[in-house]
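Right, one structure below, let's go through it.
Side chains are part of it too, since the values below use all heavy atoms of this structure and drop only hydrogens, waters and symmetry mates. Note that this is a predicted model, so its numbers are computed, not measured.
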Amino acid sequence: MAELVGPRLYSCCNCRTHVALHDDVISKSFQGKNGRAFLFSHTMNIMVGRKEDRQLMTGLHTVADVYCLDCREVLGWKYERAYEETQKYKEGKFILEKSKIVKENW
């Protein structure tokens with residue numbers, strides 16, 4: 001009997017709601033508030049908070065925290081605006097902290 005295998009996903013560490021696809025990972029070498037973080041092109045089942053300017057390791061950015069839609073756990077942030085030209089590629093992308101997500105279907 002063949003076993004159906006779905007896409008590799010990342011889920012909220014707290015409630016296991018699916019929040020991102022592995023195929024949408026751009027980079028695994030980012031730094032979050034609590035350690036390693038991943039940069040994603042897209043996410044799902046998240047809520048975007050209020051925009052604010054933050055001084056990050058790579059300069060000033062306008063970001064908005066992102067929360068799990070189900071349990072409201074803070075998972076990371078969305079880059080809304082990068083002030084430095086070399087950082088513009090991050091705009092519209094999402095950081096999810098490794099400590100806040102778990103792998104599914106691996």
Side-chain angles (χ1 to χ4, degrees):
M1 177 185 261
E3 188 175 321
L4 294 177
V5 179
R8 295 189 300 175
L9 301 163
Y10 291 97
S11 298
C12 171
C13 67
N14 191 47
C15 69
R16 294 292 219 249
T17 295
H18 297 157
V19 294
L21 295 170
H22 176 70
D23 288 347
D24 290 332
V25 173
I26 296 170
S27 174
K28 292 184 178 181
S29 56
F30 274 71
Q31 187 68 30
K33 290 180 187 174
N34 304 303
R36 215 163 125 208
F38 301 161
L39 182 68
F40 287 85
S41 58
H42 301 91
T43 57
M44 62 182 103
N45 299 318
I46 59 120
M47 185 172 57
V48 179
R50 232 181 64 228
K51 296 177 189 178
E52 64 180 47
D53 285 345
R54 274 190 213 154
Q55 186 67 41
L56 302 174
M57 292 173 65
T58 55
L60 184 63
H61 295 79
T62 301
V63 299
D65 285 339
V66 294
Y67 305 84
C68 173
L69 195 57
D70 194 35
C71 73
R72 307 294 194 254
E73 179 80 22
V74 177
L75 302 175
W77 63 84
K78 179 180 182 183
Y79 286 105
E80 298 287 353
R81 181 176 176 202
Y83 290 91
E84 295 183 27
E85 198 59 41
T86 60
Q87 302 300 309
K88 293 282 188 191
Y89 74 96
K90 297 176 184 174
E91 291 181 341
K93 313 259 183 336
F94 299 85
I95 287 288
L96 298 181
E97 300 209 38
K98 187 179 180 202
S99 65
K100 302 288 187 151
I101 56 177
V102 293
K103 296 175 180 178
E104 303 277 351
N105 294 333
W106 289 69

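- Taking each heavy atom of Cys12 and Glu73 in turn, the nearest pair found is SG-CB, 4.1 Å.
- By the criterion of side-chain heavy atoms lying less than 4.5 angstrom apart, applied directly or through intervening Ile, Leu, Val, Met, Phe, Trp or Tyr residues, Leu75 is grouped together with Phe38 in one hydrophobic cluster.
- Hydrophobic clustering (side-chain heavy atoms under 4.5 Å, transitive across Ile, Leu, Val, Met, Phe, Trp, Tyr) groups Leu39 together with Leu56.
- In this structure, Tyr83 and Leu60 approach most closely via the heavy-atom pair CD1-O, 3.1 Å.
- Counting only distance, with no hydrogens or angles, the side chain of Arg72 and the backbone of Tyr67 share no donor-acceptor pair below 3.5 Å.
- Side-chain contact between Glu104 and Arg16: present, with at least one pair of heavy atoms (C-beta onward) separated by less than 4.5 Å.
- Between Asp53 and Thr62, the closest side-chain pair of non-hydrogen atoms falls below 4.5 Å.
- The pair Glu52-Arg50 does not meet the salt-bridge criterion, since no charged nitrogen lies less than 4.0 angstrom from a carboxylate oxygen.
- Among residues two or more places apart in sequence or in another chain, the side chain to side chain donor-acceptor pair (under 3.5 Å) test is passed with Arg8 by His22.
- For the side chain to side chain donor-acceptor pair (under 3.5 Å) test, residues two or more places apart in sequence or in another chain that qualify with Ser27 are Ser29.
- The same ILVMFWY cluster, assembled from side-chain heavy atoms under 4.5 Å apart, contains both Val25 and Val19.
- When each of Glu84, Lys90, Glu85, Glu91 is checked for a side-chain hydrogen bond (donor to acceptor under 3.5 Å, both in side chains) with Gln87, only Lys90 meets the rule.
- The aromatic rings of Tyr79 and Trp77 sit perpendicular, their planes meeting at an angle over 60°, well past the 30° parallel limit.
- Side-chain contact between Phe30 and Lys93: absent, with no pair of heavy atoms (C-beta onward) separated by less than 4.5 Å.
- Residue Asn34 holds its CG atom at 6.0 Å from NZ of Lys100, rounded to the nearest 0.5 Å.
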* After noting the C-alpha distance and the side-chain angles of Phe94 and Asp24, does the key distance pass the side chain to side chain contact (heavy atoms under 4.5 Å, CB included) rule? -> CA-CA 10 Å; Phe94 299 85; Asp24 290 332; over 6 Å; no
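- Atom CG in Asp65 sits 10.5 Å away from atom CD1 in Ile46 (nearest 0.5 Å).
- One finds the CZ atom of Arg36 at 12.5 Å from the CD atom of Glu97 (value rounded to the nearest 0.5 Å).
- Atom-to-atom distance recorded for Cys71:SG and Asn45:CG is 11.0 Å, nearest 0.5 angstrom.
- Legend: residues meeting side chain to side chain contact (heavy atoms under 4.5 Å, CB included) with Lys103, ordered by chain and number and at least two apart, are Tyr10, Trp106.
- Residue Cys68 holds its SG atom at 12.0 Å from CD1 of Ile101, rounded to the nearest 0.5 Å.
- Transitive grouping of hydrophobic side chains (ILVMFWY, heavy atoms separated by less than 4.5 Å) brings Met47 and Val74 into a common cluster.
- Donor-acceptor pairing under 3.5 Å is lacking for the side chains of Thr43 and Lys78.
- Within 6.0 Å of the NZ atom in Lys51, the count of heavy atoms belonging to other residues, nucleotides or ligands does not exceed 12.
- Gly49 approaches Ala64 most closely through the heavy-atom pair O-CB, 3.4 Å.
- Considering every non-hydrogen atom in both His18 and Ser11, the closest pair reads CD2-OG, 3.2 Å.
- Residues Asn105 and Pro7 approach most closely at ND2-O, 3.2 Å, considering heavy atoms.
- Note on Val66: it clusters hydrophobically with Phe40, by side-chain heavy-atom contacts below 4.5 Å among ILVMFWY residues.
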